[in-house]
> 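A single structure is presented below for examination.
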Amino acid sequence: MSIVSGPAAVAVAPGVDYFPGFLDRAAQEALRDEILAILIEAPAFRPRMPRTGKPLSVRMSNCGPLGWVSDESGYRYQRRHPETGRAWPDMAPRLLEIWMRLAADAPPPEACLINLYDARARMGLHQDRDEQELAAPVVSLSLGDTALFRLGGPERGDRTRSLRLLSGDAIAFGGPARLAFHGIDRITPGSSTLLAGGGRINLTLRRVTRAD
Ligand code: MD3
Ligand code: FE
């Protein structure tokens, strides 16, 4: 399942297509406003580590038919918000449109995980492997403060490289990069004016189930 790369794509590594400045300021503002509306319907929750229950520093929500959650029982996708018990809000149409441009060959996304970073939030090095459909890429969109992103290989000990993700950047991970270890080392407070009060929003679009 290949990723269609527009003329602005930078091949960072095999399977990684980076689109710096993919969303202009107006598109970032429109997407921000849609995400803020989703967060009223599906308030951010603080996920907890499986077994230990230790809270993550990142807060999360989702839109689309499925949402990623994590607590003492483990990581999983589910149809309902873990605190309100309501179904997740619909996937924003502009997210479907972005998916069709960056993951044209893949079946439609089922989850958009919304990660919210304050100035101190981090995300440790991990793989995304809770999806049954590993042939589809994961598409990431960054809004707000700049993040220092770390990308490794399929084994935890593989060499890593760092990349700065700015507001409006898109990046797709497919093929040989789909199971790459990755994380967020830190964000740079005050680096963007997009979000009142600062911070960063990362959206990741995912296909979860195998297409029929
Ligand atoms: C490489 N999010 O939600 S986005 C995550 O910025 C996650 O919030 C980070 O890692 C964030 O799981 C990084 C970039 C990213 C997302 C998914 C990937 C890179 C990926 C899946 C496979 C390989
Ligand atoms: Fe991840």
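Note that ligands are numbered from 1 as they come in the structure, with each ligand's atoms numbered from 1 the same way.
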> Would you say the side chain of Ile171 lies within less than 4.5 Å of the side chain of Leu163, judging by non-hydrogen atoms?
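Contact flag for Leu163/Ile171 side chains = yes.
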> From the Fe ion (ligand 2), how many protein N/O/S atoms are found at a distance short of 2.8 Å?
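Those protein atoms number 3 in total.
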> Do the numbers put Arg178 on top of the ring of Phe173, so that NZ or CZ is under 6.0 Å from the six-membered ring centre and no more than 45° off the axis?
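Geometry flag: not set, cation outside 6.0 Å or 45°.
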> With the threshold set at 4.0 Å, does a side-chain nitrogen-carboxylate oxygen contact exist between Asp185 and Arg150?
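Yes, Asp185 and Arg150 are salt-bridged.
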> Looking only at heavy atoms, which two atoms of Leu179 and Gln127 are closest? And how far apart?
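Taking every non-hydrogen atom into account, O-NE2, 2.9 Å.
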> Do Leu31 and Leu95 make a side-chain contact, defined as non-hydrogen atoms from C-beta onward lying under 4.5 Å apart?
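In short, these two side chains touch, coming nearer than 4.5 Å.
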> So, Asp128 and Arg206, do they make that salt bridge, N to O below 4.0 Å?
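So Asp128 pairs with Arg206 through a salt bridge.
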> Please list, chain by chain and in numerical order, all residues satisfying salt bridge (Lys or Arg N to Asp or Glu O under 4.0 Å) with Arg94, sequence neighbours excluded.
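Salt bridge (Lys or Arg N to Asp or Glu O under 4.0 Å) check on Arg94 returns Glu34.
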> Once side-chain contact (heavy atoms from CB on, under 4.5 Å) is applied, do any residues pair with Ser70, and if so which ones, sequence neighbours excluded?
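Here the qualifying residues are Pro47, Pro50, Trp68, Tyr75.
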> Can you work out which protein residues put a heavy atom within less than 4.0 Å of ligand 1?
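Within 4.0 Å of ligand 1, the protein residues are Leu113, Asn115, Tyr117, Met123, His126, Asp128, Val138, Ser140, Phe149, Phe173, Ala177, Arg178, Ala180, His182, Ile184, Arg200, Asn202, Thr204, Arg206.
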> Between Phe149 and Arg164, is there a side-chain heavy-atom distance shorter than 4.5 Å?
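No - every pair of side-chain heavy atoms lies 4.5 Å or more apart.
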